[in-house]
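Encoded as structure tokens, the structure appears first; notes follow it.
All figures in this text were calculated on a predicted structure; none of them were measured in a lab. Below, chains carry the letters A, B, ... as their sequence lines are ordered, and counting in each starts from 1.
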Amino acid sequence: MASVIYRIVSKQPSGYCINSSLLRSSSSLKCWQRCVTTFRTEISDPSEHSFDHEGQFYTIPKKDVQKIFMLNWMSPHEKNMNKMFQEFSILIRRPALEVMDILKRLNYNYPLTRFLLYGEMNAGKKFTMTHIMHYCRSQNWVLLTVPWANEWNCKRLDVSFNHHKESLFDLPVHSKILLEDFLLKNMSLIKEFTTSTTYEFSEHEASEQGIPLTDLISFGITRMKFANDVVGALLKELQILANNDKIKLLVTIRGINSFWRKTGQKKEKVQEIHAQQLTLVNQFMELLQSDTKNAVAMCSTESWVNDVTDRKSYLPTELMGKEGVDFLEPFLPIEVPKYGNAELQSVMDYYIDRRWIQAPEAKTLDGRAQIKFLSGHNPYQLYRVCVPL
Amino acid sequence: MALCKGKTIYHTLLGIYKQHISTSYFSTNKVLSNMYKDRVPSVQSIEELNALCIDDKPVEKKIRIPAKSEFSSAVTYDPIVQKFINILMRDGKKEKTREIIEQVLENIKMKQIENYHKATTDAEKAMVVTDPLKVFHGAVENCKPLLILKTIVKGGSGYRVPVYCHERRRLRVGINFIIKTCDTRKRKVPLSTVLATEILQAYNNEGNAVGKKHQLHKECEAQRAFAHYRWK
């Protein structure tokens with residue numbers, strides 16, 4: 001059994017968003033205090049998490065990790081942690097609990113709600129997204145993910161002209177990756193549904209009405225020439241299914257501020273391609289502005305998208321510009337802050353348990369104060385500082 | 001032989017004139033400015049720092065520059081790792097070598113922690129060493145030789161003689177063995193991964209770096225007939 005640590009932690013919130021600052025200033029909560037005994041919970045179902053479990057770790061079971069997160073969502077840093085510690089566990093924090101609290105009480109007859117996560121670099125936006133995705137999968141939602149939207153701008157693969165509109169450009173290989181990812185995650189939930197109309201891809205090739213959806217997607221994977229059109233067809237089908245109360249949809253886009261930037265893609269005799277000239281971007285923008293029921297969109301602005309010299313700002317108005325804010329309004333902003341004092345202590349307890357911190361000098365109170373100072377309350381820097389320890 | 005006599009006269013003259021260094025036109029001594037004369041060792045602990053600031057006296061006009069050192073009282077400091085960094089450095093690029101060695105320690109740690117968590121019984125878990133600094137110190141100690149070959153000229157020809165030497169020299173030779181087995185020209189893999197495997201093997205007394213030490217010991221045994229050439 002893990003060692004029991006008695007520490008007094010106040011119920012006052014540790015973040016810096018609007019909600020937490022209002023709660024902190026209210027006088028009724030200042031007298032209230034709570035004792036935390038361990039840094040772990042055994043509850044692996046995220047629908048049972050509440051504000052009592054804040055500051056504790058929970059482990060995701062291995063089946064969910066391999067099905068949902070392993071292929072396209074986890075970065076090499078997270079895969080190393082999974083391989084080393086032989087488990088994948090996440091810290092429960094306030095922004096994720098706020099979003100899940102809203103999702104439980106939402107009226108799904110109204111059109112699409114849009115969340116926007118923002119925060120400093122390496123503050124933990126991706127881990128809050130994994131927490132919310134795990135919750136939605138436990139409620140049997142359909143997941144549509146774009147793990148890194150700037151890939152469409154930077155990674156140079158084939159570019160082709162669109163058949164239907166001359167001003168737009170197609171990305172066949174990127175859309176094939178999207179379709180494969182979608183199939184693997186949602187295979188069991190889409191088996192029964194069929195298409196509602198016919199879709200014409202060219203003069204000779206078309207898909208009929210009444211085909212199962214999995215056949216449509218596998219057609220797009222094998223014939224890469226029409227992969228981008230299949231993506232557009234799939235998004236329309238999902239909207240129709242959601243409006244008829246058959247599925248619930250979660251759309252996650254990471255790095256949405258890349259939709260209003262220049263790309264690095266090249267084509268012969270074309271000088272510059274802007275992101276608004278790509279069909280994938282236009283298709284997702286139509287989905288975000290539509291009136292579908294039973295759907296939720298979760299976006300995040302990242303400062304990784306900019307150049308190395310331009311990464312100081314992290315506020316969404318500076319990163320997205322006026323066009324982006326006008327497009328996304330009205331949205332719900334959620335700030336992901338850096339670690340507070342109580343969270344730092346529980347993370348260090350977890351590292352000591354998993355043997356990432358071993359030196360006996362580092363386990364004392366002096367050593368912990370030094371690590372806290374050197375990391376600057378940043379989650380990724382905490383990991384980096386403890387490498388030689 | 002004629003030069004030797006002149007040498008002794010020169011040295012005796014220096015001994016007379018050492019205390020009074022004159023700058024006249026006829027003097028043969030050069031006036032060398034000793035740049036290490038006015039230097040002061042750096043402040044090395046928190047108590048010394050506090051002792052300096054007790055009285056609010058004005059600072060002297062002559063500023064004394066401390067010597068450069070990487071000493072710090074932080075938890076992450078280790079003297080042998082700093083020595084390794086200084087020997088591996090080229091062209092004064094210290095940040096690059098520091099990043100390489102940070103990656104080396106992380107690679108060692110990742111492998112050992114994985115083995116620790118995969119082991120089921122308590123006895124197997126006690127055998128695995130997860131501290132990267134312990135593995136590092138142990139590998140460097142296993143590569144240090146006991147004797148070193150030194151060329152001594154006797155009767156016009158040079159002989160390689162086995163000789164004892166200082167701890168500092170042995171450390172440097174041991175670290176050089178590790179670096180020169182890993183730093184080859186035809187390498188497609190980053191240096192940090194090659195160093196990590198080499199250090200883990202040296203901790204268990206296997207590998208090429210420890211093999212170089214064994215080769216040196218064999219050559220010392222072969223030349224043991226000339227061991228008395230150490231004393232002239």
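In B:Tyr77, the OH atom is crowded: over 12 heavy atoms of neighbouring residues, nucleotides or ligands sit closer than 6.0 Å. For NZ of A:Lys79, the number of neighbouring non-hydrogen atoms (other residues, nucleotides, ligands) closer than 6.0 Å is greater than 12. Within a 6.0 Å sphere centred on CZ of B:Arg160, other residues, nucleotides and ligands contribute 12 heavy atoms or fewer. Annotation: B:Tyr164, atom OH; neighbour count of heavy atoms from other residues, nucleotides and ligands within 6.0 Å does not exceed 12. At most 12 non-hydrogen atoms from other residues, nucleotides or ligands lie less than 6.0 angstrom from CZ of B:Arg224. In A:Arg261, the CZ atom is crowded: over 12 heavy atoms of neighbouring residues, nucleotides or ligands sit closer than 6.0 Å.
Residues of residues 81-109 of chain B lying under 4.5 angstrom from chain A, judged on non-hydrogen atoms, are B:Glu102, B:Leu105, B:Glu106, B:Lys109 by number. Proximity to chain B among residues 375-389 of chain A is limited to A:Tyr383, A:Arg384, A:Val385, A:Cys386, A:Val387, A:Pro388, A:Leu389, judged by heavy-atom separations below 4.5 angstrom. Along residues 80-90 of chain A, the residues that come nearer than 4.5 angstrom to chain B, judged on non-hydrogen atoms, are A:Asn80, A:Lys83, A:Met84, A:Phe85, A:Gln86 in order of number.
Interface remark: B:Tyr116 contributes side-chain atoms only to the contact with chain A (heavy atom separation under 4.5 Å). With a 4.5 angstrom heavy-atom cutoff, B:Leu133 touches chain A only via side-chain atoms.
Applying the side-chain hydrogen bond (donor to acceptor under 3.5 Å, both in side chains) definition to pairs two or more places apart or across chains, those involving residues 125-139 of chain B are A:Arg355-B:Thr130, A:Gln358-B:Thr130, B:Asp78-B:His137.
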